[in-house]
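To keep things clear, I will list the structure first and then write my remarks on it.
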Amino acid sequence: MDAAAFAIVAVALLAVAFRAYRKRKSQRAHPNELPPDTPTIFPSQTMPDPSRTPPPAGGNTVEVSQVCKSFGKKTVVDHVSFEVKAGEIFGMVGPNGAGKTTTIRMLMDIIKPDSGGVRILGEPFTEATKNRIGYLPEERGLYRKITVCESLTYLAALKGLDSHTAKSRTEALLRQIGMFEHRDKKIEQLSRGMGQLIQFSTAIVHDPDLLILDEPFSGLDPVNKEAIKQFLRELRARGKSVILSAHQMNEVEELCDRILMIHKGQAVLYGNLHEIKNRFRNNSIYLEYEGLIEGLEGVTTVKNHGRYAELFLEGNAAPQNVLAQLVSRGVKVGRFEVSTPSLNDIFIQVAKGK
Amino acid sequence: MRSKTFTIVVHEFLSTVKRKSFLITTLSLPVIALLGMLIYEVVQDIQSEPEPPEQAKLGYVDATGLFGGYTEQPEALFILYGSEDTAKTDLLAEEIDEYFVIPQDYLSTGLVVRYTTERELEPPAKVWEEIRVFLLNNLLGGRLSPELIERAETPLLLTSLYLDEKGQVSEPPDEFLTIFVPYILGLIFILSIFFTSGYLLQSVSEEKENRIMEILLSSVSARELLLGKIVGLGAAGLVQIAVWFITIQVFSDVASVNISALEDLDIPLRVLLWGVIYFVLGYLLFATIYAGMGSLMPTARESQQWTGMFALPAVVPLMLMAVIAEHPSGALPGRSPSFHSPPLRRY
């Protein structure tokens with residue numbers, strides 16, 4: 001009797017093992033091929049999820065009103081207010097220690113503000129709100145001893161997805177980022193670059209309405225940096241909101257529609273990036289040339305550096321008039337660029353002004 | 001859709017039972033039990049081989065002249081020597097196993113000096129008894145009846161009877177079962193509580209050190225996270241206990257063929273139920289303390305150093321096991337709440 005039972009169990013186990021082996025063999029033969037019934041991570045037409053209130057079209061995804069936070073006697077965030085609209089990449093910039101991470105942690109309800117209010121996706125923060133947010137903290141890591149697939153599936157399930165959906169989303173995302181063949185590797189076996197991609201994937205695997213990334217590009221190699229920027233542009237195109245915090249302002253300049261600049265816990269600049277840059281434009285022209293450029297109409301000062309010069313214009317002078325004068329004089333123009341200050345320059349100006 | 005807490009429970013349970021350390025700890029008891037049984041069987045086989053009864057040859061020098069009779073005992077032959085020198089010569093020539101000297105003032109002092117070539121911590125009980133009976137028989141022989149001499153040899157054959165609350169004589173409790181079994185049960189539960197709480201501490205510390213904690217807290221509340229961890233790891237602890245109990249039951253059944261003390265080893269269901277309750281309550285207490293330590297301390301190593309001071313009170317009852325098992329209704333286990341762990345009490 002015992003021998004018979006043992007034999008039945010052994011045969012059943014062998015059958016299961018053989019089936020699993022065949023399935024794995026088939027997947028290894030076509031690692032990045034998407035099976036026909038697998039949903040894509042960003043489906044173009046998704047079925048509406050009745051549990052989700054859609055993000056307000058053109059409205060505000062995030063509303064922060066006069067939030068303050070102090071640790072002991074040190075005020076880290078001081079009456080900061082801002083809004084993030086649906087379908088935009090919003091940049092939060094400022095030097096290290098400005099209060100960006102604390103503000104983000106208050107958005108995520110990880111720490112509570114001393115005063116002020118936060119509304120996410122049109123309502124006060126609740127536990128259910130967490131399911132609609134993707135979050136990549138500044139200090140981040142992964143379970144090193146479990147596989148890529150287990151890790152992502154687990155974190156997706158913690159975002160409220162059922163186990164089947166979590167698994168299929170994970171596999172679809174891994175295919176999309178070209179990591180499907182590494183799905184059974186432990187995280188500790190991955191290269192640094194691969195680990196960074198998986199880390200970013202944990203924030204988007206559940207297709208969030210709002211993505212909050214705290215210093216997402218720190219430590220990234222250029223290839224992964226570009227891949228993540230492309231992901232963010234796709235998310236924006238799909239009407240999702242992205243909050244991007246960075247101290248390297250060139251990254252923000254490249255991606256963001258609107259920005260909030262924080263300095264010593266206070267909001268020092270806030271609004272559309274293009275408008276802000278125009279506001280700080282010093283009405284100058286960078287010119288690489290050969291020829292005579294003295295006495296141009298509308299130019300108040302010329303700083304000549306040899307092969308190039310900086311031309312400072314009168315308040316209402318148009319750069320195209322200056323260009324027309326150069327052409328009519330027969331000056332060979334190698335480069336003609338209306339100078340706009342970088343975000344970094346603007347920050348320095350603002351910080352000095354404070 | 002299952003709750004997030006349940007997801008954490010399943011994750012923690014599976015990742016714990018797959019750990020090498022958990023598997024080694026859990027399976028070590030069955031392996032040790034198997035090895036123990038094999039060794040016991042081998043030793044029994046060796047011992048059960050028939051050996052001819054050996055009669056020890058004990059030489060003696062009698063300065064009193066009182067000890068001439070009863071030299072033929074079933075397991076000893078007493079050989080009288082006229083002097084110590086001849087006895088020593090025969091001992092060194094291995095003609096006799098040992099010899100002893102009864103001095104002239106023996107009756108007033110009771111002193112007997114024994115000489116042997118064997119290295120030993122103390123005189124073997126068998127030799128001591130043979131000499132004692134030899135002396136007693138010679139001292140009393142002819143003066144008392146054989147019955148009185150036999151009683152003088154063995155004056156006490158004590159039987160303790162256990163009276164229950166109604167004053168009825170009941171079966172006296174088996175010493176082995178009343179002391180050994182509660183001790184083993186207590187040890188199993190305490191070990192499992194600490195192993196499992198240790199895994200919890202490790203889990204919390206790892207998530208802090210690997211910097212996953214903030215990602216997790218962006219998905220679940222701290223309460224859900226901790227509850228999931230405690231329940232998941234508690235379930236792993238119960239699996240460990242179940243494996244150990246099954247091992248004990250199976251091996252005691254098998255071993256009872258050779259070890260008669262194990263024949264009556266049948267752990268009652270109520271004891272197991274009490275044990276599980278004890279485990280759950282003990283685990284909840286220590287798991288909460290350990291999880292708190294894991295959250296507060298920056299590294300796993302520092303957390304472990306601090307948890308040591310919390311582990312000590314739990315081990316004290318086990319250290320006082322002999323006293324508690326001997327007097328389960330006494331002041332020590334009766335008045336102190338920390339000793340009220342059912343598996344440690346007599347059943």
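In what follows, chains are A, B, ... by sequence order, proteins preceding strands, each numbered from 1.
Proximity to chain A (any heavy atom under 4.5 Å) is restricted, for B:Glu224, to the side chain, taken from C-beta onward. Interface residue B:Ile8: backbone and side-chain heavy atoms are both found under 4.5 Å from chain A. For a residue to count as touching a neighbouring chain, one of its non-hydrogen atoms must lie under 4.5 Å from one of that chain's; by this rule A:Leu142 touches chain B with the backbone only.
Counting heavy atoms from C-beta outward, B:Ile248 and B:Ile246 have side chains that stay 4.5 Å or more apart. The side-chain heavy atoms of A:Leu210 and A:Ile212, taken from C-beta on, include a pair separated by under 4.5 Å.
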Scan the side chains in residues 225-234 of chain B for donor-acceptor partners under 3.5 Å anywhere in the protein, sequence neighbours excluded, and list what turns up.
unit_1   : atom_1 : unit_2   : atom_2 : d
B:Lys229 : NZ     : B:Glu12  : OE2    : 2.8
B:Lys229 : NZ     : B:Ser203 : OG     : 2.6
B:Lys229 : NZ     : B:Glu207 : OE1    : 3.0
B:Lys229 : NZ     : B:Glu207 : OE2    : 2.8

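When each of B:Tyr283, B:Phe286, B:Phe245 is checked for a ring-ring contact (aromatic ring centres under 6.0 Å, His included) with B:Phe189, only B:Phe245 meets the rule.
Taking the six-membered ring where tryptophan is involved, the planes of B:Phe195 and B:Trp244 are perpendicular, since the angle between them exceeds 60° and thus also 30°.
Per-residue heavy-atom pair counts under 4.5 Å with chain B were compared for A:Glu127, A:Glu150, A:Glu139, A:Arg144, and the maximum is reached by A:Glu127.
Chain A is approached within less than 4.5 Å, heavy atom to heavy atom, by no residue from residues 28-38 of chain B.
Between the CG atom of A:Leu244 and the CG atom of A:Leu211 there is a distance of 9.0 Å, given to the nearest 0.5 Å.
The residues A:Asp221 and A:Arg192 are annotated as not salt-bridged, no charged nitrogen and carboxylate oxygen being separated by less than 4.0 angstrom.
Summarising the local packing, NZ of A:Lys186 is surrounded by 12 or fewer heavy atoms from other residues, nucleotides or ligands at distances under 6.0 Å.
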